[in-house]
Amino acid sequence: MDLPQIESVASPRSRDSLPPWRDDAAWLAGGTWLFSEPQPALRSLVDLSAMAWPDLEPSASGLRIAATCTIAALEAFRSPADWPAAGLFGQCANALLGSFKIWNMATVGGNVCLSLPAAPMLALTVALDGVAWLWQPDGGERFLPMADFTVGPQRNSLRPGELLRAIDLPASGLRRRAALRQASLTTLGRSAALLIATLDESGGFALTITASTIRPMHLAWDSPPSSDELDARIQALLAETWFDDVHGTPAWRRHMTRRLAAKLHQELLA
Amino acid sequence: MNVAMDADSLATLKFGIGQPVPRKEDPTLLQGQGRYTDDISLSGQLYAVIVRSQVAHGRILSIDTETAAAMPGVLGVYTGADLVAAGFGLMPKGLAFKNRDGSDMAKPDQLPLTTDFVRYVGDPVAFVVAETQMQARDAAEAVMVDIDPLPAVTEPALAVEPGAPQLYPNVPNNLILDYHYGDAEGVAKAMSAAAHVTKLRIRNNRIVVAQMEPRSAIGEYDPATDRWTLRLGCQGVFGMRQMLSSVLGAKTGNIHVLTGHVGGSFGMKASLYPEYLCALHAGRALGKPVKWTDERSDSFLSDSHGRDHDFTAELALDEDGKFLALRLNGFGNVGAVMSNSTPQPSTLNAVKNSIGVYRTPLLEVNTKIVFTNTTPVGPYRGAGRPEANYYMERLIDTAAAEMGIDRIELRRRNHIAADAFPYRTPSGNDYDSGDFPALLDHALALADWDNFSTRRTESRKRGKLRGLGVGQYLEVTAPPGAEMGGIRFEPDGAVTIITGTLDYGQGHATPFAQVLSNQLGVPFDKIRLIQGDSDQLIAGGGTGGSKSIITSGGAIIEASGLVIDKGKKIAAHVLEAAEIDIEFSGGRFNIAGTDRGIGIMELAAKLREGMQLPPDMPTTLDVAHIYKGAPSSFPNGCHVAEVEIDPDTGETEVVRYSMVNDFGVVINPLLVEGQAHGGIVQGIGQALRERVVYDEDGQLMTGSFMDYCLPRAVDAPSFAFDAHSVPARTNLLGAKGCGEAGCAGALPSVMNAVVDALSEFGIRHIDMPATPEAVWAAIAAART
């Protein structure tokens with residue numbers, strides 16, 4: 001839909017030309033959410049598409065994913081053979097449940113910054129130890145582990161005026177074996193639980209829980225936990241951790257999380 | 001032997017009654033050549049977009065249209081006040097019912113577009129007309145509606161509480177109707193004296209209709225003739241014209257309603273909606289045709305929803321398990337605005353259909369019909385019939401479990417016997433035919449009921465629970481009403497049937513042609529159908545309540561008789577014989593006892609050529625007849641569902657499904673089976689998947705197919721289908737309506753199967769939809 005109350009749209013081509021931050025402004029990337037419902041508080045948009053950031057920058061140290069990288073571009077990425085965890089890209093793109101039209105417009109940064117509990121790009125980047133590269137309005141920058149990026153449903157650690165420039169996925173994360181499990185109340189419905197488990201060569205095991213929790217929960221072990229240890233960690237999560245909406249009650253989500261975690265554990269450690 | 005006659009006979013057999021003839025329209029529709037309303041583009045056509053309320057309840061403070069009106073391409077921005085000023089009247093008030101104290105039900109005045117309060121999310125408050133769809137959409141977003149929000153209420157039980165938000169000032173406690181039917185004293189005595197009373201609180205979940213074709217309309221007005229024209233998808237143009245007449249304040253002769261292909265309705269498109277009136281108003285105001293087509297997101301809000309009943313059901317039984325009385329107490333949620341069928345589904349149709357196939361001496365139904373701040377609820381595939389059958393069938397399975405009686409045996413003990421017809425039920429229906437015990441046995445055999453334990457054991461080896469459920473239904477269908485039977489012999493040699501039922505996916509053209517071909521011997525391929533042009537109709541009850549083959553079929557039969565009467569007169573002249581000596585058979589008028597005759601098509605051709613006839617002789621074979629209609633029919637059947645449940649996730653899968661139906665005389669078994677399939681899948685959807693959810697503020701939480709789960713092909717197994725037909729005695733064809741039966745059988749059979757699978761946990765009832773979460777929660781609760 002149109003946002004008729006928008007008074008100005010800036011299209012900066014570089015960081016130097018970013019306009020001063022306004023509280024009634026929003027960063028515009030793909031716009032698939034921004035234009036999906038009225039935004040009565042907004043008067044200004046800053047369109048990031050003209051920044052022309054490279055979508056994906058693989059290097060020896062890992063993969064840099066621009067905030068403006070579309071889901072389609074991420075899904076189409078052909079990873080090096082020693083990055084098995086890159087197989088998650090397609091799985092997480094599918095977990096978005098978007099049509100190809102959405103894939104072609106929606107961005108990784110947009111999905112992450114919206115910070116919905118079921119955001120699959122959050123699950124992906126947290127699971128692979130991603131680090132957010134943030135531009136600050138005073139010209140500075142900071143780096144934030146993706147595990148700390150989201151603090152609750154549609155709430156995150158971005159400060160006013162901060163811009164997510166990119167997310168760096170370290171090569172160590174991409175070299176892990178990984179597996180994903182998803183549960184929904186309905187066939188091809190919204191995720192009620194979305195879990196990713198990873199296992200590195202030294203036996204380090206990590207489980208990232210999203211969709212069933214109000215924010216991504218990243219549980220890690222230096223050596224593979226037993227199934228009981230894994231389950232105990234999940235059960236130890238606070239009751240208020242579990243998300244409640246029309247797609248599932250906290251009790252059912254918790255149960256499904258335990259079940260999916262057990263299956264992931266079995267798959268990676270069998 | 002006459003070779004030509006032999007070919008005709010073969011054709012008659014091929015397209016005769018009982019033959020599985022594919023639908024005439026299939027090639028057109030399957031090649032994308034259907035002509036739905038939105039496919040029509042008229043010269044100079046403009047486009048309308050509706051502005052809807054984004055809050056569930058509130059007072060309209062202002063509607064600022066100034067900005068929108070100044071936007072490019074915009075030709076008009078209208079509000080409810082504009083429609084009032086233009087002379088548009090109140091929306092139709094639907095059916096009239098009495099409260100239990102004899103007073104009239106509440107019927108608040110409702111304008112096409114509200115001017116004072118909004119009462120649900122999606123309530124239309126204004127509309128914009130522009131040269132293009134996009135311009136209209138852009139401008140609609142610029143219409144500023146200032147609403148002072150008020151508290152909302154979405155649950156009927158809460159809406160009737162003192163202090164609840166009030167939707168209409170003259171409807172205290174939001175109670176439209178306090179409905180009562182039955183012998184309350186007798187039922188109370190039976191309940192208190194019964195050896196056992198089974199009591200269940202049963203929720204019939206609200207669902208979205210989700211037809212494939214969104215609603216669409218094109219409104220026009222011709223000032224030269226003072227004539228309105230409305231093109232739209234609906235369920236009957238004759239009835240729609242009547243409803244329009246009351247709002248427009250125009251004579252029906254000044255209103256022309258046209259309907260082409262319709263992509264599904266299930267009851268929903270029967271109502272008159274505000275958007276149609278908006279298109280007409282703008283069409284007159286701007287002097288050009290104005291098209292409006294809904295978007296799917298708006299359909300979730302603005303198309304009437306289905307079901308949404310909340311009943312406490314009680315069944316009293318004696319020590320032998322014989323039914324003594326049935327009582328239903330509950331609510332019917334009709335949303336914020338009356339539809340044309342309000343409040344029938346949870347009142348009269350609960351009365352008529354809850355008894356089903358069982359001898360039950362006493363019945364009482366008490367329903368509070370309540371306004372809430374939700375989308376209006378209208379008829380949906382069965383409109384109270386599947387709900388009522390569901391209550392009874394759930395009660396029976398529960399009673400059987402509570403009394404330790406086999407659930408099939410309990411049904412057998414209470415069946416209305418095959419020799420009991422005509423049978424008057426406590427609801428006042430006179431069943432004319434059926435063989436319920438034998439039909440049950442037939443269904444059990446088809447479902448391989450006796451070997452279920454083997455399949456259950458096999459499922460258990462895979463860690464799955466397996467359940468088996470039966471749903472034996474009877475629906476009171478085909479509400480009586482007049483219908484047109486028009487037959488016209490066209491200049492090009494075709495024969496046109498004109499009737500006022502309306503096909504919105506059923507395939508009427510084919511079985512109607514089969515009936516006409518059977519009656520007159522007219523070649524099937526020469527037969528056309530006109531159904532969607534109000535100017536062609538002299539009567540028309542529309543389609544709904546599984547009535548079309550009975551009403552239009554009966555109308556065609558009677559009209560055919562009139563064609564034959566006329567034809568005999570003309571044939572007698574042509575054949576130089578006495579009229580009394582003319583017989584009609586196999587499409588030919590013959591002189592009795594001779595081989596001299598003339599075929600009906602040949603006779604029609606001679607008439608077209610201007611054959612000279614005596615002064616008192618009919619000059620055509622054409623007939624425009626009004627059939628007075630037939631009593632209701634009572635289709636019935638037994639569906640057997642088998643489910644597998646993963647106890648760890650609650651995921652439920654329907655793995656086998658069998659059905660035996662009594663649809664009386666079946667005109668076209670291919671189409672009938674298709675109707676059953678569709679109804680069953682909708683039933684499975686309601687039973688296992690679908691639910692409309694509002695939050696406490698009245699916002700729709702399930703407003704897209706991402707949030708609202710329609711059943712998919714993978715959710716249904718292949719169906720075993722068989723018939724156990726007993727011809728109806730109440731109509732000319734002997735047919736019984738089939739359109740809604742799939743839902744009626746699916747809801748109870750699937751849910752009884754689910755409960756059967758869960759019975760080892762002591763679970764006696766679970767409400768629809770049995771989502772994985774609901775099933776898992778029931779198991780978890782039972783385990784603790």
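Lettering follows sequence order; numbering is per chain, from 1.
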Review point. Excluding sequence neighbours, so at least two apart, what forms ring pair (Phe, Tyr, Trp, His ring centres under 6.0 Å) with B:H765?
Key: none

Check your understanding: Say you draw a straight line from CE of B:M706 to NE2 of A:H247; how long is it, rounded to the nearest 0.5 Å?
Key -> 8.0 Å

Revision key, fill the gap. Those residues of residues 66-77 of chain B that come under 4.5 Å of chain A on a heavy-atom basis, listed by number, are none

Practice item. Check the surroundings of atom CD in A:Q154: do more than 12 heavy atoms from other residues, nucleotides or ligands lie under 6.0 Å from it? Key: yes

Revision key, fill the gap. Scored by heavy-atom pairs under 4.5 Å with chain B, the best of A:V246, A:D2, A:D245, A:T249 is A:D2

Point to revise | Separation between CH2 of A:W252 and OG1 of B:T771, rounded to the nearest 0.5 Å | key: 7.5 Å

Practice item. First locate atom CD of B:E141, then atom CD of A:Q5, and finally report the distance between them rounded to the nearest 0.5 Å. Key: 10.0 Å

Review point. What is the distance from atom OG1 of A:T186 to atom CZ of B:R691, rounded to the nearest 0.5 Å?
Key: 9.5 Å

Review point. With a cut-off of 6.0 Å (strictly less than), are more than 12 heavy atoms of other residues, nucleotides or ligands near CZ of B:R296?
Key: yes

Revision key, fill the gap. Sequence neighbours excluded, the answer for side-chain hydrogen bond (donor to acceptor under 3.5 Å, both in side chains) partners of B:D648 is A:H255, A:R259

Point to revise | Residue B:E696 excluded, over 12 heavy atoms near CD under 6.0 Å | key: no

Exercise for review: Please confirm whether the backbone N or O of A:L185 pairs with a side-chain atom of B:E773, one donor and one acceptor, at under 3.5 Å?
Suggested key: no

Point to revise | chain B contact residues among residues 101-123 of chain A, heavy-atom distance under 4.5 Å | key: none

Exercise for review: Verify the neighbour count for atom CD of B:Q54: are there more than 12 heavy atoms of other residues, nucleotides or ligands below 6.0 Å?
Suggested key: no

Check your understanding: Using a cut-off of under 4.5 Å for heavy-atom pairs, which of B:D138, B:V693, B:V714 has the most such pairs with chain A?
Key -> B:D138

**Study point:** Segment of B:D695 engaging chain A (4.5 angstrom heavy-atom cut-off)
**Key:** neither

Exercise for review: Given side-chain contact (heavy atoms from CB on, under 4.5 Å), test A:R190 with B:S704 step by step and report yes or no.
Suggested key: CA-CA 11 Å; A:R190 287 193 199 276; B:S704 78; 4.1 Å; yes

